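One structure is given below, encoded as structure tokens.
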Amino acid sequence: MTTRLRPSSSSNNPPDPSVYVRNKRVKKNVEISAGDAEELKPQQPIKPSGLPDIEDLANKKASKLPKLRKSKSTSGTHVPDAGVSPFIRTAKPPANWEKVLEGIRQMRSSENAPVEVEFMGAGEAGSSLPPKEKRFAVLVSGLLSSLSKDYVVHGAVQRLLESDLLTADSIAKADEETIKSKIYPVAFYKRKASFMKRIANICLSKYDGDIPSTLEDVLKLPGVGPKMAYLVMTLAWNNVQGICVDTHVHRISNRLGWVSCGGTNQKTNTPEETREALERWLPKEEWVPINPLLVGFGQTICTPLRPQCGKCSISDLCPSAFKEVSTPKSAPKKSAPKKSKKRENLAFK
DNA sequence: CTCCAGTACG
DNA sequence: CGTACCGGAG
């Protein structure tokens, strides 16, 4: 069954109407002096003795986030007017984007899409929990899910749930080895177990055992990058702060020419750039569904290595169709003989 | 042996 | 920017 999240469909958590302020690069600009960094961190809660130096961790993380692209002062058009207009287009949408989306939806519903689960991992795990624990569960399953198979994540979350290890409190108290054994074999489980402990401690000391409620603060959590932060804001707080862009969304957006529109012929080289570019024209109703949609599409048809353009119903609308590109990064150089492509890459090293 | 639905660290 | 982290599946 297709669980397509709608931004405002869920009724339990009232979506914050004022949310829609496009976050511009605040803080992370690096290079700024220590004084500036201070002012980004409003309140300074008392730190219980005995806990790791959380502030330090947070600072470290924050200071290294997005490297900053260009100054991009939002070109003036955008005003952070809370609640007035939910979406202000600052770039012209690419031609036929609606047809393209519709086409992809069709393909996704006919081909069986393995990805349905995706958001589910998080959502389902917490469905029977109280809101606060549910949010924490969403955060944890998001963390576990990166570069892991969905069913593996699902199993791990179930084991954590059975062991009562899905709250900040219990995780903070639990032995790290125990956590490892529960979440195995998710990718990077050792590291993630460590992240979970640190996150739990931060949540306890700064957020009363809850998860941070702002994008900025979620991003400060160790092991949580942009991709997951937007996911968590959406699923845990029902607060759509931005588009959740992973490598599939990144790659496909580039193939479709969706991020080189609107006068400027910019290309995006990172998922973060793609997110910003997409947000400039994609209507907000699509911000959430775009991810599951493109991820499914990206796994079955528009694959990174050898896209199945022959099976793709919108290839006539795709500038990259049948071009045999490998990845957005490696130059689309005229592809080599297909079968030996892999070997060739190897030899190239 | 390669490829992942990322993120931290040098 | 490059690289390590981890395991399982093609």
Side-chain angles (χ1 to χ4, degrees), chain A residues 3 5 28 30 56-69 108 113-123 139-157 179-196 198-199 218-232 234-235 243-253 269-275 288-307 326-330 339-349:
Chain A
T3 332
L5 295 206
K28 358 201 151 175
V30 260
D56 192 44
L57 295 177
N59 280 330
K60 193 172 178 186
K61 171 91 179 273
S63 68
K64 66 161 305 170
L65 267 168
K67 276 326 187 109
L68 150 62
R69 324 288 158 212
R108 269 247 315 169
V115 169
E116 303 305 346
V117 254
E118 185 210 353
F119 282 118
M120 171 223 82
L139 177 61
V140 168
S141 22
L143 176 70
L144 297 184
S145 71
S146 71
L147 290 184
S148 288
K149 305 290 183 187
D150 45 352
Y151 67 89
V152 171
V153 175
H154 181 74
V157 171
I179 310 274
K180 282 185 197 170
S181 72
K182 297 295 179 187
I183 65 177
Y184 179 92
V186 298
F188 319 129
Y189 68 98
K190 292 177 187 169
R191 223 180 215 213
K192 283 173 179 176
S194 162
F195 288 149
M196 282 172 63
R198 291 161 64 187
I199 287 175
V218 170
L219 270 171
K220 288 176 188 166
L221 299 175
V224 178
K227 189 259 169 186
M228 215 197 94
Y230 287 101
L231 183 72
V232 166
T234 298
L235 293 184
I243 300 175
C244 180
V245 173
D246 50 48
T247 62
H248 286 296
V249 176
H250 177 57
R251 162 172 38 86
I252 296 173
S253 295
N269 295 308
T270 68
E272 271 294 271
E273 285 178 4
T274 298
R275 180 183 60 76
V288 172
I290 191 77
N291 180 287
L293 193 63
L294 293 196
V295 167
F297 181 52
Q299 288 182 332
T300 54
I301 300 186
C302 198
T303 51
L305 192 48
R306 176 93 166 80
S326 57
T327 98
K329 279 183 127 135
S330 75
K339 23 173 161 210
S340 56
K341 183 154 194 156
K342 287 183 174 180
R343 307 308 307 174
E344 188 179 87
N345 277 345
L346 194 60
F348 181 63
K349 292 180 178 178

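Here the structure is a predicted model, which means the values were calculated and not measured. Each chain gets a letter, A, B and so on, in the order the sequences are listed, and its residues count up from 1.
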Legend entry - Separation of atom CG in A/D150 from atom P in C/dA9, rounded to whole Å: 12 Å
Inset, instruction - Between C/dC1 and B/dA5, how far apart are the P atoms? Round to whole Å, please. - result: 23 Å
Legend entry - Given B/dG6, C/dG8, C/dC6, the nucleotide with the shortest approach to the side chain of A/T247: B/dG6
Inset, instruction - Round to a whole Å and report the spacing from CG of A/L143 to P of B/dG6. - result: 13 Å
Inset, instruction - Would you mind telling me which of C/dG8, B/dG6, C/dC6 lies closest to the side-chain atoms of A/K227? - result: B/dG6
Legend entry - Phosphate OP1/OP2 of B/dG6: any A/Y230 side-chain N/O under 4.0 Å: no
Legend entry - A/L231 side, atom CG; A/S141 side, atom OG - distance, nearest 0.5 Å: 8.5 Å
Legend entry - B/dA8 base stacked by A/F188 (centroids within less than 5.5 Å, tilt under 30°): no
Legend entry - Interatomic spacing from CD1 in A/I243 to NZ in A/K227 - rounded to 0.5 Å: 14.0 Å
Inset, instruction - Look up atom CE in A/M228 and atom CG in A/L219, then write down how far apart they are to the nearest 0.5 Å. - result: 9.5 Å
Inset, instruction - Send over the distance from A/Y151 OH to B/dA5 P, rounded to a whole Å. - result: 13 Å
Inset, instruction - Measure the distance from NE2 on A/H248 to P on B/dA5 and round it to the nearest whole Å. - result: 3 Å
Legend entry - A/Y184 vs C/dG8: side-chain N/O to OP1/OP2 distance below 4.0 Å: yes
Legend entry - A/M196 CE to C/dC5 P, straight-line distance once rounded to whole Å: 21 Å
Inset, instruction - Kindly point out which of B/dC4, B/dG6, C/dG8 is positioned nearest to the side chain of A/D246? - result: B/dG6
Inset, instruction - Quick one: label A/K192 by what it contacts on the DNA or RNA (base, sugar-phosphate, nothing), any heavy atom closer than 4.0 Å. - result: nothing
Legend entry - Rounded distance (nearest 0.5 Å) linking atom CG of A/L235 with atom OH of A/Y230: 14.5 Å
Legend entry - Rounded P spacing from B/dT7 to C/dG8 in Å: 22 Å
Legend entry - Length of the line joining A/L147:CG and B/dT7:P, which is rounded to integer Å: 9 Å
Inset, instruction - May I ask you to evaluate whether A/S145 reaches the phosphate of B/dG6, defined as a side-chain N or O under 4.0 Å from OP1 or OP2? - result: no
Inset, instruction - Answer yes or no: does a side-chain N or O of A/Y189 lie under 4.0 Å from OP1 or OP2 of C/dC5? - result: no
Inset, instruction - In whole angstrom, give me the gap between the P atoms of B/dG10 and C/dC6. - result: 15 Å
Legend entry - 5′-ward residue of the pair A/F195/A/K149 relative to DNA chain B: A/K149
Inset, instruction - Send over the distance from A/E272 CD to B/dT7 C1', rounded to a whole Å. - result: 12 Å
Legend entry - Nearest-0.5 Å distance, CG of residue A/D150 to CG of residue A/L144: 13.0 Å
Legend entry - Pairwise P distance, B/dT2 and C/dA4 [rounded to whole Å]: 14 Å
Legend entry - Interatomic distance where CG belongs to A/L219 and C1' belongs to B/dA8 [whole Å]: 14 Å
Legend entry - Minimal non-hydrogen separation, A/T274 against A/V249, with atom names: CG2-O, 4.3 Å
